[in-house]
Peer 1: 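Pasting in a structure now, in structure tokens, and then I'll have a few things to ask.
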Number of protein chains: 2
Amino acid sequence: MSRQAGEPAEADVPAEPTGVPTMFDVARRAGVSHQTVSRVLNGLTGVAASTKMRVEQAIADLNYTPSPAARAMAKRRSGSIGLILAGRPDYGPSNAALGFNEAARDSGYTVSQASMRSLDADALAQAVHRLVLQRVEAIVLISGERDGVAVVSGIDAGVPIIAVASEPAPEGRPGPHRVAIDQYAGARLATEHLIGLGHRVIRHVTGPPDSMDAAERRRGWVDAMAEHGLDVREPIAGDWLASSGHAAGQALVADPDATAVFVANDQMALGVLHACHAAGVQVPGDLSVMGFDDIPEAAYFTPALTTMRQDFDALGRDVMSTVLDVLGAPGDRGASGDGGAPGMNGGKHLAPERTTRVPELIVRATTATPRA
Amino acid sequence: MSRQAGEPAEADVPAEPTGVPTMFDVARRAGVSHQTVSRVLNGLTGVAASTKMRVEQAIADLNYTPSPAARAMAKRRSGSIGLILAGRPDYGPSNAALGFNEAARDSGYTVSQASMRSLDADALAQAVHRLVLQRVEAIVLISGERDGVAVVSGIDAGVPIIAVASEPAPEGRPGPHRVAIDQYAGARLATEHLIGLGHRVIRHVTGPPDSMDAAERRRGWVDAMAEHGLDVREPIAGDWLASSGHAAGQALVADPDATAVFVANDQMALGVLHACHAAGVQVPGDLSVMGFDDIPEAAYFTPALTTMRQDFDALGRDVMSTVLDVLGAPGDRGASGDGGAPGMNGGKHLAPERTTRVPELIVRATTATPRA
DNA sequence: GCGTCCCGCTCCCAAAACTCG
DNA sequence: CCGAGTTTTGGGAGCGGGACG
């Protein structure tokens, strides 16, 4: 009886709804029960075609849309996935996140983002916690930091966690599900390209120590060199930023032996190029430079950068596909990964291809045969 | 009575909760009623310190966290804001989104992301629609497209919409709330820097026609030139990508008069630099080049790029601050902007500074006095 | 500080309507 | 015309918390 008094006394016909219409409003208008409305809403069978039509008409008339909160409460499923993007919003992560976002939407999931510039352990743990409070059904972590994944593994989130991580899980502690592009293979390809050109002394500029991608790229370089019987020189440490590439470049130009360098990402390669130019070192005449990522600008570096292209968009989709697998596999809800028999992923959603993607070599103008 | 039969006959003591604990579980454990729990949860007064402590202990013991769905339903507030990031995830938008995300979190809001690579009208309208279905309390659009804002203005979302848009609203149709960095002022600063150096023929490479930022930067360039009595040459059309900058650069090097160029963003400036290098045109000796944005790589272009720095992170925070204002101002819930008296924004949250930010000139090595 | 009702929807169960032989 | 078997539909009890009285 909280209705306003003084209404035209119209028997007991419930007044027209004022705020957002509910299922009951629709039901009344269609002359059916709320239950029937629920049925047509969820596409259940057992509703006469004519009734269904009436209900749909009423829904349209009222401009009714179901309340996600009520639905989530009743079904005990939020229908949303948490996404944590930690660190600088670089080309790779941003694009992977976008691909993931679109894939999630296509699968009917909503994505709740908890991004942050910082990648310290506390902040990360808090982000996971906030997402858990939100009752997301899974958490996706995009941040190549090894420690980040470790932090997250340590949390018993109660929901599956899927991380973009190119390194395999450490023995014994499975941790989150891992998805990635094969950095190791890409690095080998890059190094072999240089070797194939005839280079013998190929140096490497790494990414930051805590980056798994950086470690895998370095490992690929080491293995390729070793396999070809080439000397593995001490790598030069970088941090993904062009500035560190610049510093590395200054060290490189002082190395009389090096005829080529495999730089762990394009931004640093830009820095190297800059240093070479400043020092009068010709690229690729005096030094061949190889990048990694193929950011859109790479083709317009001076000279145009030879690099490894990665399909980040596809990576994002792979992540979502993994989420679906994990969510579809009952009994696997929890932070820890597949402790059971591998390969027996019996979810209703199966990733069409679970083979890891490999970066693609894009040859441009910074690599050539070494000087005679 | 849906309990499993065969339980140890233990009178009628409600069984220990099995799944996620609820308020009632907490209440029982603390020996209070469920809404006393609610009170301490919401920090309301009127709870004895001792009781409060018991409740808190119970909460901790049970590891209880309130259900956001239930709360949303009861309070009729989702506590979440929708974010649409449309188009390529470039440096600017990505960082603004990050800043926004962090600010939203700090304000206790959750952000539901609906991003997409495409920026066509339909996709955008659908994104808005999906967000509305999710009952977000406001929608933020980050995408410099004029049409995007137009599309969104046309939708009666029923919730406030805040767009990053550097152009003022067209007369008559206020549309969404607008927040931006002052592109016009930045462009004037850039142009004046060049003029101050002594350049007379300064050309301009624009961003895509539908970009508001591009239009404002162009307008700034035009006005600055005109005010100094300089000839306003036909601008060269670009699309933000380095490739278009490269094409523009090729046209530029063929222009014997031009001694400087103001390029609408750093990526295109990179393309211009590339073209200059290929054509043997010295920068800044023969041609001064000015960029816009100051992406992290700009300092390592060859030569290092003079450009205008924008604080995207702050922009993101400004957006959130505006959202808070709008949400705090009752009676303004709807897609249309402030039809009322401006300045009287009486929300409980007031942006500390609502003055528009201006980009900052970063002088590096691509600009100099024109050749004699 | 506690009882009570309500938020908007889903699920379980039963009632009604219809089909046929 | 009846009863059994099938649809189609409706009733009511939660789900987990918030606002009053």
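Chain A is the first sequence line, chain B the second, and so forth, proteins listed ahead of strands; every chain is numbered from 1.
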Peer 1: Pairing donors with acceptors under 3.5 angstrom, does anything connect the side chains of B/Q126 and B/D122?
Peer 2: no
Peer 1: Is any side-chain nitrogen or oxygen of A/T45 closer than 4.0 Å to OP1 or OP2 of D/dT7?
Peer 2: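 Answer no for this pair, as no side-chain N or O of A/T45 is under 4.0 Å from OP1 or OP2.
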Peer 1: Classify A/S50 by what it touches in the nucleic acid, base, sugar-phosphate, or nothing, heavy-atom distance under 4.0 Å.
Peer 2: nothing
Peer 1: Round to a whole Å and report the spacing from OH of B/Y64 to C1' of D/dG16.
Peer 2: 7 Å
Peer 1: Counting side-chain heavy atoms from CB outward, which of D/dT8, D/dG17, D/dC15 is closest to A/R76?
Peer 2: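 For A/R76, the side-chain atoms sit closest to D/dC15.
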Peer 1: Could you check which of D/dG17, C/dG3, C/dC9 has an atom nearest any side-chain atom of B/S33?
Peer 2: C/dG3
Peer 1: From CG of B/L44 over to C1' of C/dC2, roughly how many Å is that when rounded to an integer?
Peer 2: 15 Å
Peer 1: Pair A/T110, B/R130 - check side-chain hydrogen bond (donor to acceptor under 3.5 Å, both in side chains), show working.
Peer 2: CA-CA 9 Å; A/T110 247; B/R130 272 197 309 279; over 6 Å; no
Peer 1: With a 4.5 Å cut-off on side-chain heavy atoms, are A/L324 and A/S107 touching?
Peer 2: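 Side chain of A/S107 against side chain of A/L324, heavy atoms only: contact under 4.5 Å found.
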Peer 1: Does A/R71 place a side-chain N or O at less than 4.0 Å from the phosphate oxygens OP1/OP2 of C/dT10?
Peer 2: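 So the side chain of A/R71 is within the cut-off, an N or O lying under 4.0 Å from OP1 or OP2 of C/dT10.
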Peer 1: Measuring from the side chain of B/K75 (C-beta onward, heavy atoms only), which nucleotide among D/dG11, D/dG18, C/dC9 has the closest atom?
Peer 2: D/dG18
Peer 1: So does A/T36 get a side-chain nitrogen or oxygen closer than 4.0 Å to the phosphate oxygens (OP1/OP2) of D/dT8?
Peer 2: no
Peer 1: Which nucleotide sits closest to the side chain of A/T51: C/dC9, D/dG18, D/dT8?
Peer 2: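 My answer, after comparing the listed nucleotides, is D/dT8.
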Peer 1: Let's see if you can work this out: which of D/dT8, C/dG8, C/dC2 has an atom nearest to the side-chain heavy atoms of B/R39?
Peer 2: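 From the listed options, C/dC2 comes nearest.
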Peer 1: Nearest to the A/V47 side chain among C/dC9, D/dT9, D/dG12, which nucleotide is it?
Peer 2: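 For A/V47, the side-chain atoms sit closest to D/dT9.
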Peer 1: Please classify the nucleic acid contact of A/V32 as base, sugar-phosphate, or nothing, using heavy-atom distances under 4.0 Å.
Peer 2: sugar-phosphate
Peer 1: Would you state whether a donor and an acceptor, one from the side chain of B/H34 and one from the base of D/dG18, lie under 3.5 Å apart?
Peer 2: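 Between D/dG18 and B/H34, which were checked side chain against base, a qualifying N/O pair under 3.5 Å is present.
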Peer 1: What's the CZ-P distance between A/R77 and C/dC11, to the nearest Å?
Peer 2: 11 Å
Peer 1: Given atom CE of B/M73 and atom P of D/dG18, what is their separation to the nearest angstrom?
Peer 2: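 Atom CE in B/M73 sits about 12 Å away from atom P in D/dG18.
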Peer 1: When all nucleic acid strands are considered with a 4.0 Å heavy-atom cut-off, which category describes A/A69: base, sugar-phosphate, or nothing?
Peer 2: nothing
Peer 1: Is any side-chain N or O of A/T22 closer than 4.0 Å to OP1 or OP2 of C/dG8?
Peer 2: no
Peer 1: Between the base of D/dG11 and the side chain of A/Q35, is there a donor and acceptor pair under 3.5 angstrom?
Peer 2: yes
Peer 1: Return no unless some side-chain N or O of A/S38 is found under 4.0 Å from OP1 or OP2 of C/dT10.
Peer 2: yes
